[in-house]
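Below is one structure, written out as structure tokens; comments come after it.
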Amino acid sequence: MSNKNKLFSGFSSVAIHGGHDKDPSYAHLTPIYASSTYVFDEAEQGMRRFAGEEKGYLYGRWGNPNTTEAEDKIAALEGFGVTDENGNPIVLKAILHASGMAAISTMLIATLKAGDKILSHYSLYGGTQQLIEIVLAPLGIEVIIIDLRDLNAAADAIKLDSKIKMLYLETPANPTIQCVDIDELTRLAKFNNLIVAVDNTFATPYLQQPFKYGVDYVVHSTTKFLNGHGTAIGGVLISKDLAHMSGYITKVHHLLGGSSNPFDTYLLTQGIKTLEVRMERHCHNAMEVANFLEQHPAISKVNYLGLISHPDFDIAAKQMKHPGAMLSFEMKSGLDAAKKFIDKLQMCIRAVSLGTCDTLLCHPASMTHFSVPKEKREQYGITDSLIRMSVGIENVQDILADLEQALR
Ligand SMILES: *Cc1c(COP(=O)(O)O)cnc(C)c1O
């Protein structure tokens, strides 16, 4: 029996069984379909499949059983418990990509054209910002960046420029873990007929479900918490416009060629199964770490959505189940102290990226933002001593002990 369209009452049941189809050879897990092409019994069958009259795979870039399972699982999670205007369970379609950037590229290229503008917040993921500036700007698609926590500023910006076609939200976002109000901003955008897209990577569908507020698209870098183990790069684009997703957007995805591969997709599918238990532990540990850091004499500031001191505490409490696993902090002494601290870590890992079982720490000023001039960095809150932390699911006393000895 297929678990495909079953409605489970719990999130983890969907995470584990959702999207799974019984394997023709009775393998428990969907095997890795390492095959670039698919076979026809006869030419007529090929014709029927190409015409869409008969279901079946054709060519690896256009999908395989591993892709279908991951896509259906993620769509079920993103829509878990979410209802449409009529109170019926929402139905979503997900398209898996080779990376978060590939998913974002498909979405932007498929929905915008020359002359259109994107309205967004000033702490966009670096890759997204550069995609817009380096690739889309020469094609005539521009971005307007403002502080979207100011709803009046958002309303004014939309009123002032009729070329704005899309509101692009990323919440929570780097590096100071800012949040914007998905509900209020989506209302405003929909009143003005804008497309609304949300990068939900930091939160995952377990903590936050933007489709509750009527957004059009959600993207994830599945590389992060969805995979959860740091074993593969991947991305996903999700929408409730099923016809558009199966039609034009799938076409654009196939033509841009950013398809995932069976092995990475297999790893993603296994990783997602533990999303709920991992996120619970991630968030629990992050709260403990934030409390520890906030009281530590060497630390001047902690940015964590679970702390009342965070300016976006209320927005996070309104739209997220827990405050997440991402935090950042500033040390009282500057650049050298921050580098020394990072170098002294023994268990926690010095690396960029986020969302793995392991605790990861990075020092943006010497790593991701090394090439950005100091004044520009600081505008985005990236001071010399800022450390970003993706709190892992190790035993929290070991994380705290490692931080303690490194801060000494
Ligand atoms: C990592 C990340 C991306 C890009 O994803 P890749 O899988 O690296 O291509 C996009 N948005 C956010 C918020 C990210 O953290």
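Please read these numbers as outputs of a predicted model, since none were measured by experiment. Read the numbers this way: they start at 1 and go in the same order the structure lists the ligands and their atoms.
- Of all protein heavy atoms, the one lying nearest to atom 8 (O) of ligand 1 is Y125 OH, 3.9 Å.
- Using a 4.0 Å cut-off to heavy atoms of T223, the atoms of ligand 1 that qualify are 7 (O).
- Between the side chains of D23 and T30, no donor-acceptor pair is found at a separation under 3.5 Å.
- A salt bridge links D183 and R187; the closest N-O separation between the charged side-chain nitrogens and carboxylate oxygens is under 4.0 Å.
- Nearest non-hydrogen protein atom to atom 9 (O) of ligand 1 is M101 N, 2.9 Å.
- Close contacts between ligand 1 and F202 involve ligand atoms 13 (C), 15 (O) [criterion: under 4.0 Å to a heavy atom].
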Just distance, no hydrogens or angles: give the donor-acceptor pairs under 3.5 Å from side chains in residues 356-367, sequence neighbours left out.
unit_1, atom_1, unit_2, atom_2, d
T356, OG1, D358, O, 2.9
T359, OG1, G392, N, 2.9
T359, OG1, E394, OE1, 2.7
H363, ND1, S366, OG, 2.8
H363, NE2, D384, O, 2.7
S366, OG, H363, O, 3.4

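- For S353, the closest heavy-atom approach to ligand 1 does not fall below 4.0 Å.
- The single protein non-hydrogen atom nearest to atom 1 (C) of ligand 1 is K224 NZ, 1.4 Å, given as residue, atom name and distance.
- Atoms of ligand 1 found under 4.0 Å from any heavy atom of G234 (numbered from 1 in listed order, with element): 7 (O).
- Checked against a 3.5 angstrom limit, the closest N/O atoms of S221 and ligand 1 fall inside it.
- Within the structure, side chain to side chain donor-acceptor pair (under 3.5 Å) contacts touching residues 281-298 (residues at least two apart or in different chains) are E294-S309.
- Atom 6 (P) of ligand 1 has its closest protein heavy atom at G100 N, 3.4 Å.
- At the top of the distance list for atom 11 (N) of ligand 1, counting protein heavy atoms only, stands D199 OD2, 2.7 Å.
- For Y38 and Y59, the gap between ring centers reaches or exceeds 6.0 Å.
- Here the side chain of K301 pairs no donor or acceptor atom with the backbone of K332 at under 3.5 angstrom.
- D241 and S239 share no donor-acceptor pair across their side chains, judged by distance under 3.5 Å alone.
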